[in-house]
Amino acid sequence: MSRRQSAPRLEFEAAAIYEYPEHLRPWLEALPKQPGVYFFHGESDAMPLYIGKSVNIRSRVLSHLRTPEEAAMLRQSRRISWTQTAGELGALLLEARLIKEQQPLFNKRLRRNRQLCSLHISEGKPQVVYAREVDFSHTPNLYGLFANRRAALQTLQSLADTEKLCYGLLGLESLTRGRACFRSALKRCAGACCGKESVEDHQQRLLTGLENIGVTCWPWDSAIALKESREGMTHYHIIHNWLWLGAVNSLDEAPELLRTPAGFDQDGYKILCKPLLSGSYEITPLNDRVAK
């Protein structure tokens, strides 16, 4: 058989493998059309096969059941469960936490990154700093959240190439005092290393180029509660240093969560930064509720 003839057959065979998971139908009736997190469970009750989130749990789960690409996961699933939240924000936060904690087989793994690093501008020069050594929630002049040192330096190099910044002044390569860098002769550096451009202008172009990946310091003196409500359900998200400590039904329950140490959390930062600073949610500082 020619290659031309085999491709359609392969597509047909792949489609034929998929069968609608009738064994999951009993779990569909009670699925809510509300925001939350849902779970596909296999034989083990302790560890789900897949964790997802949606503003409409029912609609999203049904879309899984119609997807041939997920046939392997659906065949292994034995039941479906869910947890409702007061809105999309709560669903995002709960999903991120549970995936990291439970590491479901069919999720893209979210792991606590022990190499999380950023670019810190100190005395005009960028250096790579690590979250395990520096408090990212309170350190100013941080730019970018990177999985490792290589990713941070690649971002810096890419910016230098685009803006014709000097590798030597950025610490990307050694620079002989009083001499222009090699890239300057190739007109790939604007010449801050040899007086063609002022160091101040070079510095300003560096900061301007990094501006859109600046890391925002935690704006409050304490933990805060963010109120999220939808159709009769209200949750207060307790957050400190960009770490989501959990959700409670009443602020009276907040002190128990505040006992948890709150270090910088990358996922919390990415999910919460815009909502917290947008002014779209009611925020309550919890200065007087911090557990002793």
Side-chain angles (χ1 to χ4, degrees), residues 88-89 92-93 96 99-100 108-219 241-243 263-280:
E88 182 179 16
L89 190 60
L92 284 165
L93 292 164
I99 290 175
K100 283 189 291 190
K108 292 181 179 179
R109 306 299 174 90
L110 289 174
R111 301 185 183 277
R112 297 194 183 280
N113 182 7
R114 299 184 183 278
Q115 296 188 63
L116 180 66
C117 59
S118 183
L119 291 168
H120 182 231
I121 305 299
S122 177
E123 298 181 355
K125 191 171 183 178
Q127 59 179 333
V128 177
V129 294
Y130 292 86
R132 64 175 180 266
E133 301 166 348
V134 174
D135 182 1
F136 280 16
S137 58
H138 291 93
T139 301
N141 303 320
L142 291 179
Y143 298 90
L145 297 173
F146 304 99
N148 50 57
R149 177 182 178 85
R150 171 188 274 185
L153 293 179
Q154 283 178 340
T155 295
L156 185 60
Q157 181 176 329
S158 177
L159 175 62
D161 292 341
T162 301
E163 299 295 331
K164 293 188 176 182
L165 299 174
C166 179
Y167 278 15
L169 294 182
L170 296 179
L172 294 172
E173 64 180 33
S174 59
L175 186 64
T176 303
R177 189 178 182 87
R179 295 184 61 182
C181 70
F182 176 71
R183 292 173 70 253
S184 176
L186 300 176
K187 297 184 178 180
R188 295 177 182 172
C189 163
C193 51
C194 58
K196 293 180 181 178
E197 175 189 36
S198 71
V199 174
E200 291 75 19
D201 285 347
H202 179 276
Q203 174 72 358
Q204 186 56 55
R205 289 193 297 113
L206 168 64
L207 294 176
T208 299
L210 291 172
E211 188 175 19
N212 66 336
I213 59 170
V215 178
T216 302
C217 290
W218 179 245
N241 296 336
W242 301 115
L243 174 67
F264 181 85
D265 178 64
Q266 179 182 11
D267 295 314
Y269 179 83
K270 290 181 177 179
I271 294 170
L272 289 165
C273 191
K274 286 184 179 180
L276 280 179
L277 301 179
S278 69
S280 302

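When reading the values below, keep in mind they use all heavy atoms of this one structure, side chains included, and skip hydrogens, waters and symmetry mates. A quick note: this is a predicted structure, and the numbers were derived from the prediction, not measured.
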Checking the side chain of [X] only, and the main-chain atoms of [Y] only, is there a donor and an acceptor separated by less than 3.5 Å?
X	Y	value
S158	Q154	no
S118	G144	yes
R188	C166	no
D135	S137	yes
W242	I271	no

Would you say that [X] contacts [Y] through its side chain, given a criterion of any heavy-atom pair below 4.5 Å between the two side chains?
X	Y	answer
K125	I121	no
T139	H120	yes
L207	R205	no
L142	F136	yes

Which is it for Q203 and L169 under the side-chain contact (heavy atoms from CB on, under 4.5 Å) test, yes or no, and what are the steps along the way? CA-CA 9 Å; Q203 174 72 358; L169 294 182; over 6 Å; no
Would you compute the distance between atom [atom1] of [X] and atom [atom2] of [Y] and round it to the nearest 0.5 angstrom?
X	Y	atom1	atom2	answer
T155	Y143	OG1	OH	14.5 Å
R183	L172	CZ	CG	8.5 Å
Q266	L145	CD	CG	5.5 Å
K164	S184	NZ	OG	10.5 Å
L89	L272	CG	CG	5.5 Å
N141	E123	CG	CD	11.5 Å

Minimum heavy-atom separation for [X] to [Y], with atom names?
X	Y	value
Y167	Q157	OH-CG, 3.1 Å
E197	A190	OE1-CB, 3.5 Å
L243	G263	CB-O, 3.4 Å

Near E88 CD, under 6.0 Å, is it more than 12 heavy atoms from other residues, nucleotides or ligands? no
Is the number of heavy atoms from other residues, nucleotides or ligands under 6.0 Å of R132 CZ greater than 12? yes
Where does the angle between the aromatic ring planes of Y269 and F264 fall among parallel (under 30°), tilted (30 to 60°) and perpendicular (over 60°)? tilted
Partner of L206 under side chain to side chain contact (heavy atoms under 4.5 Å, CB included), chosen from L119, L156, D201: L156
Check step by step if salt bridge (charged side-chain N to carboxylate O under 4.0 Å, His left out) holds for D265 and K100. CA-CA 12 Å; D265 178 64; K100 283 189 291 190; 3.2 Å; yes
